[in-house]
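These values consider heavy atoms only, across backbone and side chains, with no hydrogens, waters or symmetry-generated copies. Note on naming: letters A, B, ... go to the chains in the order of the sequence lines (proteins, then strands), and numbering restarts at 1 for each one.
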Amino acid sequence: MSTNNEVVEHETYYVPEQSRLPIFASLGLFLTVFGAGRMLNGSDDGSMYFFVGALLFAFVLWSWFSIVIAENMRGLNSMQLKRSYVIGMGWFIFSEVMFFAAFFGALWYVRSLAGPWLGGEGEGGAANPLIWPGYQHEWPVMNTPDMVANGDKAKILGPEQSMSNPGLSNWASWLPFWNTVILLASSVTIHIAHSALKSNKRSVFNLWLTVTVLLGIAFIILQIEEYVHAYREMGLTLESGIYGATFFLLTGFHGAHVTLGTFMLLLMLLRSILKGHFKHDDSFGFDAAAWYWHFVDVVWLGLFFYVYVFA
Amino acid sequence: MAHGPAQGIRRWLYTTNHKDIGTLYLWFSFAMFLLGGVFALVIRAELFEPGMQIVEPEFFNQMTTMHGLVMVFGAVMPAFVGLANWMVPLMIGAPDMALPRMNNWSFWILPFAFAMLSSTLFMDGGAPNFGWTFYAPLSTTYAPPSVTFFIFAVHIMGASSIMGAINIIATIVNLRAPGMSYMKMPLFVWTWLITAFLLIAVMPVLAAVVTMMLFDIHFGTSFFNAAGGGDPVMFQHIFWFFGHPEVYIMILPAFGVVSAIIPTFARKSLFGYSSMVYATAAIAFLSFVVWAHHMFTVGMPLAGEMAFMYMTMLIAVPTGVKVFNWVATMFKGSMTFETPMLFSVAFVILFTIGGFSGLMLAIAPADFQYHDTYFVVAHFHYVLVPGAIFSITAGVYYWLPKWCGNMYNETLGKVHFWTAFIGLNVTFFPMHFAGLSGMPRRIPDYNMMFADWNMISTVGAFLFGAAQILFLFNVIATIRSKRPASDEVWDRPEGLEWTLPSPAPYHTFTKPPPLS
Ligand code: HEM
Ligand SMILES: [Cu+2]
């Protein structure tokens with residue numbers, strides 16, 4: 001990073017030489033999903049492919065990021081190239097937004113359209129007396145159409161309890177509320193860290209970034225705690241009808257993103273502490289991780305209101 | 001980076017050069033085009049006569065499914081990405097794509113994804129057999145085990161598309177030569193900018209819907225199962241939210257290609273450039289709000305049918321603007337009909353036929369009759385074959401001299417065009433009639449009354465297949481020939497790419513070109 005002040009606008013855009021990274025990244029990615037497929041389909045060798053692939057993939061990504069960082073420190077990255085990275089990250093986050101939008105859309109569709117039709121409402125409801133007699137729609141779906149129509153023979157059972165809002169007076173002992181507090185706080189702390197970096201206060205930056213990472217870890221722990229509780233005590237599983245499906249996939253993908261985001265922030269913290277990376281005007285890696293973190297935060301707010309509070 | 005390409009296979013495996021990667025995409029796409037074509041010929045051979053003769057019904061279903069998937073994701077989309085890789089940097093005066101290593105990654109995922117997808121043909125239970133639209137519960141409860149690999153193949157090819165699209169946006173936004181303002185960009189660049197946006201917006205939705213399938217199949221969720229409170233129709237909504245923009249992903253770059261070619265051979269500039277840009281944007285916007293025209297017969301509320309019907313018909317307006325502009329460009333031009341122009345003129349005419357059958361399908365009450373018949377098959381083949389495929393072919397003939405430095409053989413090009421043109425019309429035009437008289441799609445056997453139309457279609461299909469062999473021969477012969485093309489290649493064509501030598505040097509515009 002010491003060379004940073006020497007970075008001048010390059011008159012040519014940096015086009016890297018040949019690189020082995022992409023082909024091995026493709027191979028790793030392929031082996032990972034191929035192994036996952038074989039695992040799911042019950043082949044014994046699936047896990048081997050999966051782990052070999054995942055290790056290869058992780059190793060390639062590691063090398064890839066290291067090379068990009070090294071290039072930047074050698075001063076190869078012009079302002080224009082850095083802009084390409086910024087644009088790339090921005091559109092990547094947009095693609096993630098659309099991924100979550102699909103799940104939110106699905107939740108809205110079953111909650112507000114398909115569910116009522118199953119329950120016999122409106123034009124779509126004609127099939128109710130024929131296929132699911134007696135089913136009435138309510139959200140969360142505690143009694144699945146299968147249970148109502150087929151009684152003891154039902155295969156798909158609803159949850160025993162849902163995660164929905166226990167009433168404002170009980171929020172103090174309601175885990176999703178604390179998760180919201182944690183994530184909102186982490187958005188503030190990362191912002192403080194960012195400002196500190198901008199004004200060259202390294203130790204303040206490290207401190208608040210550490211706090212952010214710890215908050216991220218706290219969130220993940222609480223989320224695991226919630227899942228264990230759901231599975232053990234609430235009879236709420238992936239298989240608990242549409243409520244379980246939407247609940248776990250939405251919160252699960254969000255949790256996976258928090259985990260990834262925390263990991264990214266942790267790496268940035270280590271880069272800062274151990275290697276002294278990032279300058280007030282050159283901190284793309286950290287910036288990208290921070291934007292990602294804000295994105296994960298916003299998704300949580302959506303979840304908190306739509307999945308937990310108004311449910 | 002001053003030097004040329006590396007030697008041997010490594011050049012292709014490790015390359016970061018937009019021209020190499022464009023070439024890889026184009027060859028890969030052609031290979032997939034042939035593979036998908038073989039599947040199509042199996043279908044057509046079986047349908048030559050009523051009754052079952054060549055394949056089992058089960059295998060027939062695998063063929064229709066794999067044909068659609070391979071053509072959409074393996075042939076058409078990668079071909080356009082290949083053209084974008086080659087041409088976007090040349091057209092905007094950029095040294096390369098914005099993110100060259102990621103560019104190579106986007107490409108190399110594809111061979112793995114399609115190897116995995118194709119390998120399902122040899123798995124127990126066979127390949128996916130639920131149609132390229134993979135409706136639940138056919139693709140969940142009743143799917144063969146290979147569906148798991150289908151899902152993961154879609155995941156990784158989606159990742160490839162998203163990265164490719166991000167790269168194209170970053171290139172166009174960030175690497176234009178100074179002075180190349182947005183409204184000065186060639187239309188091909190514009191259409192790709194908008195296409196890339198569509199890709200980033202909808203490929204994640206496709207990923208989400210196959211993920212829901214994966215969980216329904218392996219982890220007991222009820223997304224598409226009404227017994228648990230889900231809804232199989234929801235699958236169709238999410239799929240078509242991806243699927244309709246997807247068909248525009250396959251046609252917008254085609255608009256860009258013919259908008260480059262027609263002015264050259266009409267010797268006039270493109271008529272109504274800015275209206276072309278706005279029409280493209282309007283089509284892209286509308287493509288997000290028309291998806292349920294694929295679902296008119298599924299039992300939507302009346303208000304939904306009406307809304308989607310009118311929105312769909314609205315798309316015909318910007319589409320009409322485009323067709324008008326192409327025709328107006330040709331009007332009173334000094335036209336010549338070299339091979340790229342032949343393909344482009346055929347594009348304008350035949351794509352318009354496809355647009356008209358689309359309008360017929362857009363009328364909800366009429367669609368109750370047409371839906372799931374060969375009429376739909378005729379519609380989308382008219383927009384995709386003389387639409388997407390012809391524009392790609394036109395683009396290859398148009399730019400090939402710039403790529404490899406040699407001129408193709410005009411006579412062979414014309415023979416190729418006329419065989420393809422006749423072949424495709426003989427194949428797909430009768431499908432309109434078979435469909436209107438009620439022949440269902442995706443079916444291996446059919447009523448005697450459809451026999452004549454099907455026999456004609458099959459003959460046409462083999463002719464069209466033969467035309468593609470000619471294409472392959474032409475391209476290889478051109479690459480190997482010793483008939484150097486001039487730098488301009490054509491008669492004063494517009495665009496930065498023609499200011500470069502032919503063949504275009506390995507690295508171009510390492511310094512941005514001056515713009516007039
Ligand atoms: C004026 C413009 C267009 C209109 C109004 C239109 C309308 C429609 C409608 C209503 C359907 C559903 C028919 C049914 O299933 O009953 C349909 C199917 C289809 N269209 Fe179009 N369309 C247009 C242009 C295009 C273009 C440009 C493409 C692709 C390049 C395209 C590709 C398809 C495909 C692939 C299907 C069938 C999908 C399937 O069921 O397998 N269409 N179109
Ligand atoms: Cu459509």
Side-chain angles (χ1 to χ4, degrees), chain A residues 11-13 15-23 25-27 29-30 33-34 36-37 40-41 64 80 83-85 87-88 91-92 94-96 98-99 101-103 105-106 109-110 114-115 118 122-124 131-132 141 144-146 154-156 158 238-239 241-246 248-249, chain B residues 1 6 10 13-16 94-96 98-102 104-105 108-109 112-113 116 145 148-149 152 155-156 159 162 166 169-170 173-175 200-205 207-209 212 215 218-223 225-231 233-234 237-238 299 301-302 507 510-511:
Chain A
E11 50 182 355
T12 53
Y13 193 82
V15 178
E17 290 295 333
Q18 292 221 315
S19 167
R20 288 159 200 252
L21 298 165
I23 184 92
S26 309
L27 180 66
L29 187 61
F30 162 72
V33 293
F34 180 71
L40 288 174
N41 280 11
W64 197 322
Q80 199 184 10
R83 229 163 23 238
S84 289
Y85 286 143
I87 295 169
W91 286 100
F92 169 67
F94 174 65
S95 78
E96 294 267 44
M98 291 307 293
F99 182 76
F103 283 95
Y109 182 82
V110 290
L118 274 177
E123 288 170 82
I131 312 182
W132 313 113
V141 176
T144 62
D146 199 15
K155 295 202 194 75
I156 303 183
L238 267 175
E239 307 189 9
I242 191 64
Y243 180 76
T246 50
F248 280 108
L249 261 74
Chain B
M1 80 164 218
R10 289 207 181 125
L13 289 179
Y14 304 151
T15 185
T16 48
D96 205 295
L99 303 160
R101 281 172 294 222
M102 191 172 85
N104 182 334
W105 193 20
W108 276 106
I109 288 176
F112 287 105
M116 186 156 79
T148 314
F149 296 98
F152 284 126
H155 272 134
I156 63 176
I162 292 172
I166 289 176
I169 293 193
V173 171
N174 196 25
L175 263 63
I200 303 178
V202 301
M203 291 312 283
V205 176
V209 79
M212 292 178 206
F215 275 79
H218 290 291
F219 301 101
T221 53
S222 310
F223 284 104
N225 185 351
D231 183 0
V233 173
M234 181 167 78
H237 279 293
I238 308 175
L302 191 60
H507 292 290
T510 42
K511 281 199 185 131

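With a threshold of 4.5 angstrom between heavy atoms, A/Ala36 approaches chain B through its backbone and through its side chain. Both the backbone and the side chain of B/Phe112 come within less than 4.5 Å of a heavy atom of chain A. In this structure, chain B has heavy atoms under 4.5 Å from both the backbone and the side chain of A/Leu40. Contact annotation for B/Ile200: both backbone and side-chain heavy atoms come within less than 4.5 Å of a heavy atom of chain A. Only the side chain of A/Tyr109 comes within less than 4.5 Å of a heavy atom of chain B; its backbone N, CA, C and O stay farther away. Interface remark: A/Leu238 contributes backbone and side-chain atoms alike to the contact with chain B (heavy atom separation under 4.5 Å). Contact of A/Phe248 with chain B is not made at all, since no heavy-atom distance falls under 4.5 Å. Only the side chain of B/Phe215 has a heavy atom closer than 4.5 Å to any heavy atom of chain A. For B/Pro145, the parts sitting under 4.5 Å from any heavy atom of chain A are the backbone and the side chain alike. With a threshold of 4.5 angstrom between heavy atoms, B/Ile238 approaches chain A through side-chain atoms but not through N, CA, C or O. Heavy-atom distances place the side chain of A/Glu123, and not its backbone, under 4.5 Å from chain B. Using a 4.5 Å cut-off between heavy atoms, B/His155 makes no contact with chain A at all. Interface residue A/Leu27: backbone and side-chain heavy atoms are both found under 4.5 Å from chain B.
Between B/Ile166 and A/Gly88 the shortest heavy-atom distance is CG2-CA, 3.5 Å. Looking at every heavy atom in both residues, A/Ile156 comes nearest to B/Gly228 through CG2-CA, 3.7 Å. Closest heavy-atom contact between B/Phe149 and B/Met116: O-CE, 3.8 Å. Of all non-hydrogen atoms in B/Met234 and B/Phe223, the two that sit nearest each other are CE-O, 3.5 Å.
Residue with the most contacts toward chain A among B/Ala227, B/Ala201, B/Ser222, B/Ala6: B/Ala227 (heavy-atom pairs, distance under 4.5 Å). Put simply, of B/Leu175, B/Val209, B/Asn225, the one with the most heavy-atom pairs under 4.5 Å next to chain A is B/Leu175. Among the candidates A/Gly244, A/Ser95, A/Ser19, the residue making the largest number of heavy-atom pairs closer than 4.5 Å to chain B is A/Ser19. Ranked by non-hydrogen atom pairs under 4.5 Å with chain A, the options B/Thr15, B/Val233, B/Val173, B/Ile109 are led by B/Ile109. Ranked by heavy-atom pairs under 4.5 Å with chain A, the list B/Ala170, B/Ala208, B/Gly230 is led by B/Ala208. Between chain B and the options A/Phe92, A/Phe99, A/Tyr85, heavy-atom pairs under 4.5 Å are most frequent for A/Phe99. Between chain B and the residues A/Val33, A/Val141, A/Leu21, the largest count of heavy-atom pairs under 4.5 Å involves A/Val33. Per-residue counts of heavy-atom pairs under 4.5 Å with chain A were compared for B/Met102, B/Met212, B/Met203, B/Arg10; the largest is that of B/Met212. Top candidate by heavy-atom pairs under 4.5 Å with chain B, chosen from A/Leu29, A/Leu118, A/Leu249, is A/Leu249.
With rounding to the nearest 0.5 Å, the separation of OG in A/Ser26 from CD1 in B/Ile156 is 8.5 Å. One distance of note links CH2 of A/Trp91 with CD1 of B/Ile162; it measures 12.5 Å at 0.5 Å rounding. One distance of note links CD1 of A/Ile87 with CD1 of B/Ile169; it measures 9.0 Å at 0.5 Å rounding. Atom CZ of residue A/Arg20 and atom CZ of residue B/Arg101 lie 14.0 Å apart, to the nearest 0.5 angstrom. To the nearest 0.5 angstrom, B/Leu13 atom CG is 5.0 Å from B/Trp108 atom CH2.
The aromatic rings of A/Trp64 and B/Trp105 sit tilted relative to each other, their planes meeting at an angle between 30° and 60°.
Partners of B/Thr148 by side-chain hydrogen bond (donor to acceptor under 3.5 Å, both in side chains), not counting sequence neighbours, listed by chain and number: A/Asn41, B/His218. Scanning for side-chain hydrogen bond (donor to acceptor under 3.5 Å, both in side chains) contacts around A/Ser84 gives A/Tyr13, B/Asn174, with sequence neighbours left out.
Although no hydrogens or angles enter the test, the distance criterion places no donor-acceptor pair under 3.5 Å between the side chain of B/Thr16 and the main chain of B/Pro100.
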